[in-house]
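Okay, so here's the structure we're looking at.
Along the sequence shown, residues carry numbers from 1.
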Amino acid sequence: THLLLDKYGQTCSDFFTPVFDPQQQQVQQQWQQYLLEVEQGVGDVLFVPSGWHHLVINDVDTISINHNWNNAYNIHWSWALLKHEHELATQQLEDCRETATPAEFEQLVQKMLAANSAFNFQDFSQFLIVIIRRRLHTMQQLQQQVTGQQTKQQLPQQLGPPVAPQQQQEQEQDNHQLPQQAMMASGGSQAEIAPLNNSVGLQLQLLHCVLDLKRASDVLQQVQQAYIAAVVHSEEWYKQHRKRMTSKGE
């Protein structure tokens with residue numbers, strides 16, 4: 001998306017309308033080299049990755065059903081937006097601060113935050129905890145599959161018939177002499193490579209779960225710290241306010 005920004009940091013609302021300003025034409029041509037244009041028909045589903053700017057042009061009257069995905073991959077963007085909404089809610093309720101205790105004032109802010117954003121800090125924390133629990137459960141299942149595959153690969157060697165020392169030495173020499181390309185040959189080679197591919201796939205899924213787990217855990221810690229910081233800020237403001245009121249009374 002950053003490649004589609006103009007000098008003011010704004011995205012173009014329409015990439016296809018002809019422009020007559022030579023400078024704008026040059027900018028529009030620069031934008032268009034990064035565009036991906038697709039035609040979506042009736043019943044088609046199009047997934048737009050997180051952070052991708054997109055523009056929709058309907059050729060005829062259309063009913064569009066869309067859904068915004070929120071997961072561990074883009075959770076940091078959701079948290080950034082929620083923090084901004086928290087700041088706005090705090091500003092809007094600033095005139096009510098002196099009528100409530102620090103904890104009560106933050107509760108008011110959280111209520112307005114939930115009304116404006118459909119999430120407050122507690123709701124968002126629960127959402128992150130669900131992600132963390134699911135990733136942990138998935139990691140346990142994947143780990144069991146990896147362990148099961150390793151066990152299956154070891155069983156034929158452990159349960160095979162006894163081999164004479166000379167025959168075993170010959171087999172080891174043959175194994176060392178087999179080139180790596182032989183594993184790609186036709187016949188039984190696909191069955192030999194399949195366990196390796198499955199193992200690599202499981203390891204990649206495990207890595208994906210670990211990364212998601214770290215993202216969600218980091219954001220959860222930031223949410224908790226932000227809530228504590230908001231309450232502490234209200235307490236400090238309340239102390240300063242009492243000092244000011246006491247000074248005026250004297």
>> According to a hydrophobic-cluster definition based on side-chain heavy atoms being under 4.5 Å apart (Ile, Leu, Val, Met, Phe, Trp, Tyr only), do Val109 and Trp237 belong together?
In response: no
> Do Val48 and Leu36 share a hydrophobic cluster, counting only Ile, Leu, Val, Met, Phe, Trp and Tyr and linking them when any side-chain heavy atoms are less than 4.5 Å apart?
Replying inline: yes
> With Lys83, which residues qualify under salt bridge (charged side-chain N to carboxylate O under 4.0 Å, His left out), at least two apart?
Replying inline: none
For residues 111-124, please give each side-chain donor-acceptor pair under 3.5 Å, one per line with the distance, not counting sequence neighbours.
from: Asn116; atom 1: ND2; to: Met112; atom 2: O; distance (Å): 3.4
from: Asn120; atom 1: OD1; to: Gln122; atom 2: N; distance (Å): 3.2
from: Asn120; atom 1: OD1; to: Asp123; atom 2: N; distance (Å): 2.8
from: Asp123; atom 1: OD2; to: Asn120; atom 2: N; distance (Å): 3.4

> Where do Met139 and Cys209 come nearest, in terms of heavy atoms and distance?
Replying inline: CG-CB, 3.3 Å
>> Test of understanding: clusters of I, L, V, M, F, W, Y form through side-chain heavy atoms closer than 4.5 Å, transitively. Do Trp77 and Val219 belong to the same one?
In response: no
> So, Glu106 and Gln110: side-chain donor and acceptor under 3.5 Å apart, yes or no?
Replying inline: yes
> With the 4.5 Å side-chain cut-off for hydrophobic clustering, are Leu82 and Ile132 part of the same group?
Replying inline: yes
>> Would you say that more than 12 heavy atoms from the other residues, nucleotides or ligands in this model lie under 6.0 Å from the NE2 of His241, or not?
In response: yes
> Between Phe127 and Ile75, is any pair of side-chain heavy atoms under 4.5 Å apart?
Replying inline: yes
> Can you list the residues that meet the side-chain contact (heavy atoms from CB on, under 4.5 Å) rule with Arg215, with sequence neighbours excluded?
Replying inline: Tyr73, Leu211, Asp212
> Going from CG on Leu136 to OG1 on Thr138, what distance comes out if it is rounded to the nearest 0.5 angstrom?
Replying inline: 9.0 Å
> What is the minimum heavy-atom distance between Ser217 and Leu213, and which atoms define it?
Replying inline: OG-O, 2.7 Å
> Name the one of Arg97, Glu104, Lys239 that satisfies side chain to side chain donor-acceptor pair (under 3.5 Å) with Ser234?
Replying inline: Arg97
> Rounded to the nearest 0.5 Å, how far does CD of Gln222 lie from CD of Gln224?
Replying inline: 10.5 Å
>> To the closest 0.5 Å, what do you measure between CD1 (Ile57) and CG (Asp59)?
In response: 8.0 Å
> Out of curiosity, does Leu128 fall in the hydrophobic cluster containing Tyr227 (side-chain heavy atoms, cut-off under 4.5 Å, transitive links)?
Replying inline: yes
>> Please report the interatomic distance NE2(His233) to OG1(Thr90), rounded to the nearest 0.5 Å.
In response: 8.0 Å
> To the nearest 0.5 Å, what is the distance between CD (Glu85) and CD (Gln92)?
Replying inline: 8.5 Å
> Side chains of Val56 and Asn58: does their closest heavy-atom pair fall under 4.5 Å?
Replying inline: yes
>> Please give me the minimum heavy-atom distance between Pro102 and Tyr238, naming the atom from each residue.
In response: CG-CB, 4.2 Å
> Do Gln205 and Leu202 have side chains that get closer than 4.5 Å, going by heavy atoms?
Replying inline: yes
>> Using side-chain heavy atoms (C-beta onward) and a distance below 4.5 Å, is Lys214 in contact with Val210?
In response: no
> So do Lys243 and Gln240 actually touch side chain to side chain, heavy atoms under 4.5 Å?
Replying inline: yes
